[in-house]
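In what follows, every chain begins at residue 1, and chains take the letters A, B, ... in the order their sequences are listed.
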Amino acid sequence: MAEMYIRVAEEENEEPMEIPSEDDGTVLLSTVAAQFPGACGLRYRSPVSQCMRGVRLVDGILHAPENGWGNLVYVVNYPKETVLPDNKRKMDEIDASSATKIKRGDQKTSDLIVLGLPWKTSEQDLKDYFSTFGEVIMVQVKRDVKTGNSKGFGFVRFTEWESQGKVMSQRHMIDGRWCDCKLPNSKVSPDEPMRSRKVFVGRCTEDMTTDELRQFFMQYGEVTDVFIPKPFRAFAFVTFADDQVSYCCFRIDFKCSRTVQPKYSDVCSTFYGGLFPDPG
DNA sequence: GTTGAGCGTT
């Protein structure tokens, strides 16, 4: 395998840096550490399970996941701040500048947007609810400035990374409504749309089924989700396991007939034609 | 009948 680059960032939604692999497709931990001093490993969010997964590390060599590195963003692991006696010596070897980096890079939390709140839910209600997941350092309910009425969403922030992960991984019943907690849009880097694993599928006809879309898009890569809004809205979303795939599909336009046919945009046919079957 | 509702006064 020729040298390639994998994308690595300190946090999931931060601008990634491209790190070169070795000829055999592995990545040296030392190469990662050259850019992220103090790094002790990598993890990534599994496109299928949506859980964080560790990258296999043997003798300083990082091994690609089952299906290759793909275009996922790998997140740097740093040693925990609480160090066991056995690891003490290793920690001492890390220089002072990287020590501050460890604190910063050690999975700091971010605000989460809480969507779907009942109008009546207050800050205190939010705090009471989310405190069951861990220490809450901030809650907000966004309100109309004039009327003071809730806008139906808010924000929450936890002290612990683990609490944030747990909260993002599930839905929440708050005051009788199901709510979702996500990383807010404003935190997403500007080029995010091009890296989305999700493609918009326009001009759908009402008879199209999720199975049909799945069958069709499978030819481009592993499909993890197909969403067709109800009632019928003439569009759908298809989510792939690998974000590079959806980048390639970014400009595919659908002709919605019973047999689904893609139309190739200039972008796809020029730069990514190899990934697609011939239009004819 | 072409973007899932909703994205933050500091």
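Nucleic acid contact class of A:G154 (heavy atoms, under 4.0 Å, all strands): none. At a threshold of 4.0 angstrom between heavy atoms, the contacts of A:F153 are confined to the sugar-phosphate backbone, with no base atom among them.
A heavy atom closer than 4.0 Å to some atom of DNA chain B occurs in A:M138, A:Q140, A:K142, these being the qualifying members of residues 121-143 of chain A.
Under the 4.5 Å side-chain contact rule for hydrophobic residues, A:I19 and A:L57 share a cluster.
Scored by the side chain to side chain donor-acceptor pair (under 3.5 Å) test, A:R233 finds no partners at all (sequence neighbours excluded). Partners of A:F155 by ring pair (Phe, Tyr, Trp, His ring centres under 6.0 Å), not counting sequence neighbours: none found. Considering only residues two or more places apart in sequence or on other chains, A:T210 meets the side chain to side chain donor-acceptor pair (under 3.5 Å) condition with none of them.
The side chain of A:R177 lies closest to B:dA5, out of B:dC7, B:dA5, B:dT9.
Nucleotide B:dG6 holds its C1' atom 5 Å from the CG atom of A:L115, rounded to whole Å. Protein atom CG of A:N149 is 20 Å distant from nucleotide atom P of B:dG6, rounded to whole Å. Distance A:F155 CZ to B:dG8 C1': 4 Å, rounded to the nearest Å. Here the C1' atom of nucleotide B:dC7 and the CZ atom of A:R157 are 16 Å apart, to the nearest Å. Rounded to an integer number of Å, the gap from A:D180 CG to B:dG6 P is 13 Å. Taking atom CE of A:M168 as the reference point, atom P of B:dC7 lies 20 Å away to the nearest angstrom. The distance from atom CG of A:L117 to atom P of B:dG8 is 15 Å, rounded to the nearest whole Å. What separates CZ of A:R233 from P of B:dG1 is a distance of 13 Å, to the nearest Å.
The residue among A:F237 and A:E206 whose nearest nucleotide of DNA chain B is located toward the 5' end is A:E206.
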N/O donor to acceptor pairs below 3.5 angstrom from side-chain atoms of residues 134-141 of chain A, sequence neighbours left out:
{"from": "A:E135", "atom 1": "OE1", "to": "A:T159", "atom 2": "OG1", "distance (Å)": "3.3"}
{"from": "A:Q140", "atom 1": "OE1", "to": "A:K142", "atom 2": "NZ", "distance (Å)": "3.1"}

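Applying the salt bridge (charged side-chain N to carboxylate O under 4.0 Å, His left out) rule to pairs touching residues 173-182 of chain A yields A:R171-A:D180, sequence neighbours excluded.
Partner of A:K166 under the side chain to side chain donor-acceptor pair (under 3.5 Å) criterion, out of A:Q170, A:Q164, A:E162: A:Q170 alone.
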